[in-house]
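Here's the structure we're looking at; comments come further down.
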Amino acid sequence: MPSLLLPCPLDLTSTLLGGQSFSWNPLPRSRFAGWIGPHPVQLHLHHESIHWDNSALSSSQIHHYFSLDLNLSSLLQPHLPTNPHLATAIQLHPGLRPLRENPWECLVNFICSSLKQITHIRQIHARLRSTFGGPNQSFPSPARLAEAGELSLRKCALGYRAKHLAATAQILSQEPHRLEIPSSWSTEQAAQHFEQLPGVGPKISRCVLLYSYGRLDAFPVDVWVDRLLRQLYFPKKRKPFRLAHLETWSQKQFGPFRGLAQLLLFHWFRTSTPHSRPRP
DNA sequence: CTTGGACCTGCCTTC
DNA sequence: AAATACAGGTCCAAT
């Protein structure tokens with residue numbers, strides 16, 4: 001059983017089940033079964049180390065997947081004094097980490113996420129693996145899903161999302177390079193690039209950049225972030241937010257790692273009751 | 001540019 | 001137990 005001494009706290013439950021990845025299943029005794037890239041693997045923590053059961057996965061792959069190179073609190077440090085809610089979130093969930101999920105898998109997950117709750121996205125994800133996956137139920141390639149087509153994707157209960165997924169799979173099977181983002185591109189540029197794909201709008205493009213490309217300045221705004229911002233930062237606002245406005249606001253409020261702030265606030269807000277939340 | 005409606009499905013409330 | 005509302009958005013058409 002390979003293992004790696006953890007340089008920082010790691011909470012597998014919030015990190016793997018919190019809505020970044022959808023391939024993980026909890027097992028008894030605090031274990032988790034899922035995939036990292038094409039490799040099926042079971043994980044568990046013991047004595048400040050993470051252990052895994054597939055020797056095809058190296059320590060550096062585990063390190064990379066959980067972004068263990070980042071010291072989250074020091075990245076956000078400058079913005080904690082002016083954001084007590086963020087300080088609370090990081091204190092309550094110090095082991096919640098940004099993943100570096102496989103980009104194609106992540107893109108598919110979020111194309112399927114529209115108007116769905118986490119549990120249902122996980123169901124769809126599991127059906128895609130079992131119906132179209134390769135050996136070890138590895139995640140199906142763009143070519144495989146393009147070949148499947150809209151109709152058989154609909155049989156996985158994707159609903160109207162099937163049309164978008166089939167079209168995007170078709171494009172990426174022809175032009176796989178469109179998943180490669182030059183490091184010289186700004187996150188905004190990369191987001192607009194992904195938004196050329198069917199079913200990918202501003203929310204999903206930023207989720208993919210944050211959860212799989214390590215672009216910690218990507219700030220996805222979904223209904224939960226909308227609610228969170230209204231309750232904690234804009235208590236009197238009634239009209240809808242302008243995304244362009246939130247982009248500059250979040251930059252000023254949380255700095256270059258605003259995606260991390262989003263991840264922590266989002267998780268804290270979703271897992272706390274309205275009563276336990278501080279007043280704005 | 002902004003706004004409103006359509007779009008699938010299954011879980012969660014509520015009756 | 002059966003019905004109903006509603007949910008981690010995007011696209012397209014009409015102002």
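Naming convention: chains lettered A, B, ... in sequence-line order (proteins, then strands); numbering from 1 in each chain. Predicted, not measured: the structure shown is a model, and the values here were computed from it.
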dC8(B) pairs with, by Watson-Crick or G-U criteria that keep both distances under 3.5 Å:
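Result: none.
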Item to complete: Can you tell me the pairing partner of dT13(B) across any strand shown, Watson-Crick or G-U wobble, with both distances under 3.5 angstrom?
Response: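 Base partner found: dA3(C).
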Base, sugar-phosphate or nothing for [X]? Non-hydrogen atoms, less than 4.0 Å.
X	answer
Val225(A)	nothing
Gly19(A)	base
Ile111(A)	nothing
Pro198(A)	sugar-phosphate
Pro220(A)	nothing

Using atom [atom1] of each nucleotide, how far apart are [N] and [M] to the nearest Å?
N	M	atom1	value
dT10(C)	dC11(B)	C1'	23 Å
dA6(B)	dA5(C)	P	15 Å
dC11(C)	dG10(B)	P	23 Å

Close side-chain approach of His93(A) to Thr271(A), heavy-atom, < 4.5 Å:
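Answer yes - side chains close enough.
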Starting from the 5' end of DNA chain C, give me the residue, Tyr211(A) or Leu197(A), whose nearest nucleotide shows up first.
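Checking each residue's closest nucleotide, the 5'-ward one belongs to Tyr211(A).
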- Face-on cation placement of Arg206(A) at Phe110(A) ring, 6.0 Å and 45° thresholds: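 No, Arg206(A) and Phe110(A) do not form such a contact.
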- Give the rounded distance in Å between these two atoms: CZ of Arg206(A) and P of dT10(C).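 Distance, rounded to whole Å: 10 Å.
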Report the distance from atom CG of Leu263(A) to atom C1' of dG8(C), rounded to the nearest whole Å.
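That distance rounds to 13 Å.
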Item to complete: Kindly indicate whether the side chain of Lys116(A) and the base of dT9(B) share any N or O donor-acceptor pair separated by less than 3.5 Å?
Response: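 Between dT9(B) and Lys116(A), which were checked side chain against base, a qualifying N/O pair under 3.5 Å is present.
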Q. Is there a donor and acceptor pair, one atom on the side chain of Ser113(A) and one on the base of dG8(C), closer than 3.5 Å?
A.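 No.
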Please confirm whether Tyr233(A) and Trp249(A) have ring centers closer than 6.0 angstrom.
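Close enough - the centres of the two rings lie under 6.0 Å apart.
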Check your understanding: So, Phe110(A) and dG9(C): ring centres less than 5.5 Å apart, planes less than 30° off, yes or no?
Key ->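 No, aromatic ring not over the base.
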Under 4.0 Å between a side-chain N or O of [X] and OP1 or OP2 of [N]?
X	N	answer
Gln117(A)	dT9(B)	no
Arg242(A)	dT2(B)	yes
Arg154(A)	dC8(B)	yes

ask   = The side chain of His164(A) lies closest to which of these nucleotides: dC11(C), dC7(B), dT9(B)?
value =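 Within the option list, the nearest is dC11(C).
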- prompt: Counting heavy atoms not belonging to His64(A), are there more than 12 under 6.0 Å from its NE2?
  reply: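 Not buried by this count: 12 neighbours or fewer within 6.0 Å.
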- Would you say the side-chain atoms of Glu188(A) and Gln192(A) include a donor-acceptor pair closer than 3.5 Å?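 There is such a pair (donor and acceptor under 3.5 Å, judged by atom type) between the side chains of Glu188(A) and Gln192(A).
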